[in-house]
Amino acid sequence: MRMADGLRLGVNIDHVATLRQARYATMPESRNAEPDPVTIASICERAGAGGITAHLRADRRHIQDRDIQRLRENVITKLNLEMGNTPEIVDFAIRIVPDEVCLVPEKREEVTTEGGLDVVVHRKELESTVKRLHTAGIRVSVFVDPELEQIDGARALAVDVVELHTGKLANAYTEKIEQQELSRLRDAAIAAQGHGLQVNAGHGINYRNIARIHEIPHLVELNIGHSIVARAVFVGFEKAVRDMIGAMHGYRG
Ligand code: PXP
C-alpha cells in the first residue's frame with residue numbers, strides 16, 4: 001500500500017518487544033507477556049502504516065522467533081525482516097518467507113545498528129545469501145551508508161532495494177554537518193535510482209528531522225522505530241503513526 005503522495009511508512013516495532021523483554025518473557029504468547037508487538041503491528045497498519053519491520057537479532061534481545069512467525073501470519077501490508085547475514089538467521093528467513101529482508105551489519109555489543117553494511121568488503125558472502133533469498137521469493141534490501149561505492153556494490157549484488165542510513169543526518173549537531181550529510185544522501189539516492197534500485201531510508205528519523213528527509217529525492221519508504229514508539233508512550237500508537245504519516249505528507253520525490 002502506497003500513501004497518496006507516494007511515501008510509505010514502515011514501522012519498526014522492535015522496541016515494543018524491548019519493553020516486553022524487560023520482564024524476560026520466554027513465551028511471547030503467555031498472558032503476562034506484554035505488550036504484544038503483533039497486536040501493535042495491527043494497530044499501526046490500521047493507522048496507515050504501509051509495512052511492519054522487525055529485527056531478529058542473534059542475541060534475541062527484543063524480537064523473538066515466535067514474534068516473526070506470528071507477524072508473518074498477521075501482517076497484511078508487508079513484513080520486512082531486518083537481519084544480519086548469519087547462516088542461522090538466513091535459514092530462519094527462508095523458512096518464514098517475509099515479503100522483504102533488509103540485511104544489516106550486527107554487532108553484539110551495539111545498542112542499535114551502527115553504520116551501514118559494507119557491501120563492497122562483504123560482497124562474496126552476501127552474494128550467496130542474496131541468491132538464496134531471491135530463490136525463496138523474498139525481496140532483498142541492503143542497509144548502506146550514503147556512499148557511491150556502496151550503491152555500486154548494491155547494484156553488483158543485484159538486490160532490489162537500498163535503505164540509506166540516515167543516522168548521521170539525525171545526529172548532525174551543526175548546520176554544516178547536516179548539509180554535508182544531506183548532500184551525500186541526495187547523491188546516493190540519485191545514483192541508486194539511476195541503477196533501478198528502490199530507495200528507502202531509515203535510522204534516527206523523528207518528528208523534527210523528517211522535514212529534512214523531504215529534501216532527499218526518489219524515496220519510496222521510510223523505516224522508523226524509536227521515535228514512533230517513544231511518542232506512542234504518550235499518545236498511543238494510532239496517533240503516533242498518524243502524526244508521522246502527516247509529517248511525511250507532501251513529499252515530492
Ligand atoms: N532501519 C534500519 C536498517 C535499522 O537498523 C533501524 C534500527 O533498528 C531502523 C531503520 C529504525 O531506526 P530508528 O529506531 O532509529 O527509527
Side-chain angles (χ1 to χ4, degrees), residues 7-19 21 37 40-41 44 49-63 67-68 71 78-86 89 93 98-119 122 126 139-146 150 154 159-172 181 185 188-189 192 197-210 212-213 216 219-233 237 240-241 243-245 247-248:
L7 192 52
R8 182 167 58 213
L9 172 64
V11 180
N12 180 315
I13 55 164
D14 292 348
H15 294 315
V16 177
T18 301
L19 184 55
Q21 295 310 114
I40 298 295
C44 293
I52 299 296
T53 295
H55 185 172
L56 186 68
R57 297 187 71 105
D59 64 7
R60 306 298 198 272
R61 70 174 70 157
H62 39 53
I63 293 290
D67 293 324
I68 301 290
L71 286 168
K78 178 171 77 82
L79 177 62
N80 174 31
L81 174 60
E82 236 188 73
M83 53 181 245
N85 182 25
T86 63
I89 304 277
D99 300 290
E100 205 165 284
V101 152
C102 180
L103 293 166
V104 299
E106 197 179 295
K107 290 193 217 111
R108 199 165 274 268
E109 64 278 12
E110 70 193 0
V111 175
T112 180
T113 314
E114 293 166 355
L117 182 63
D118 192 329
V119 295
H122 299 292
L126 285 167
R139 272 166 66 80
V140 183
S141 170
V142 282
F143 181 58
V144 292
D145 288 328
Q150 294 300 324
V159 295
D160 308 280
V161 184
V162 285
E163 181 169 322
L164 300 178
H165 184 7
T166 49
K168 277 201 183 140
L169 175 70
N171 292 331
E181 209 42 39
L185 284 158
L197 295 162
Q198 179 181 315
V199 189
N200 294 351
H203 216 284
I205 300 175
N206 60 33
Y207 297 85
R208 291 182 304 279
N209 63 30
I210 182 75
R212 281 282 146 108
I213 300 294
I216 307 167
L219 295 174
V220 172
E221 179 177 304
L222 302 181
N223 279 307
I224 308 178
H226 187 266
S227 66
I228 290 177
V229 176
R231 181 171 290 212
V233 170
F237 269 90
V241 168
D243 286 352
M244 186 54 84
I245 289 171
M248 286 161 61

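Atoms within a ligand are numbered from 1 in the order they appear, just like the ligands themselves.
Listed by number with element, the atoms of ligand 1 under 4.0 angstrom from any heavy atom of Asn12 are 8 (O). Atom numbering of ligand 1 starts at 1 in the shown order; those under 4.0 Å from a heavy atom of Val104 are 3 (C). Residue Gly204 approaches ligand 1 through these ligand atoms, each under 4.0 Å from one of its heavy atoms: 12 (O), 13 (P), 15 (O), 16 (O). Near Asn223, meaning under 4.0 Å from any of its heavy atoms, are these atoms of ligand 1: 10 (C), 11 (C). Atoms of ligand 1 found under 4.0 Å from any heavy atom of Ile224 (numbered from 1 in listed order, with element): 16 (O).
For atom 12 (O) of ligand 1, the closest non-hydrogen atom on the protein side is His203 CA, 3.5 Å.
Judged purely by atom type and a 3.5 angstrom limit, Glu106 uses its side chain to pair as donor or acceptor with the backbone of Ala58. Counting only distance, with no hydrogens or angles, the side chain of Asn209 and the backbone of Ala170 share no donor-acceptor pair below 3.5 Å.
Among the atoms of His226, some N or O lies under 3.5 angstrom from an N or O of ligand 1. Among the atoms of Gly225, some N or O lies under 3.5 angstrom from an N or O of ligand 1. By the 3.5 Å distance cut-off applied to N or O atoms, Glu82 is counted among the residues near ligand 1. At under 3.5 Å, not a single nitrogen or oxygen of Phe143, backbone or side chain, sits near a nitrogen or oxygen of ligand 1.
With a heavy-atom cut-off of 4.0 Å, Glu163 touches ligand 1 through its side chain alone.
The residue from Asn85, Leu117, Asp118 that alone fulfils the side-chain contact (heavy atoms from CB on, under 4.5 Å) condition with Pro105 is Leu117. Of the candidates Leu222, Ile205, Asn171, Asn223, Ile205 is the only one forming a side-chain contact (heavy atoms from CB on, under 4.5 Å) with Thr166.
For residues 219-233, every residue pair satisfying the salt bridge (Lys or Arg N to Asp or Glu O under 4.0 Å) rule, not counting sequence neighbours, is listed here: Arg8-Glu221, Lys78-Glu221, Arg231-Asp243.
A side-chain donor from one of Asn80 and Thr53 sits under 3.5 Å from a side-chain acceptor of the other.
Counting only heavy atoms from C-beta outward, the side chains of Met248 and Ile210 approach each other to under 4.5 Å.
Between Phe143 and His165, the ring planes lie tilted relative to each other; the angle falls in the 30° to 60° range.
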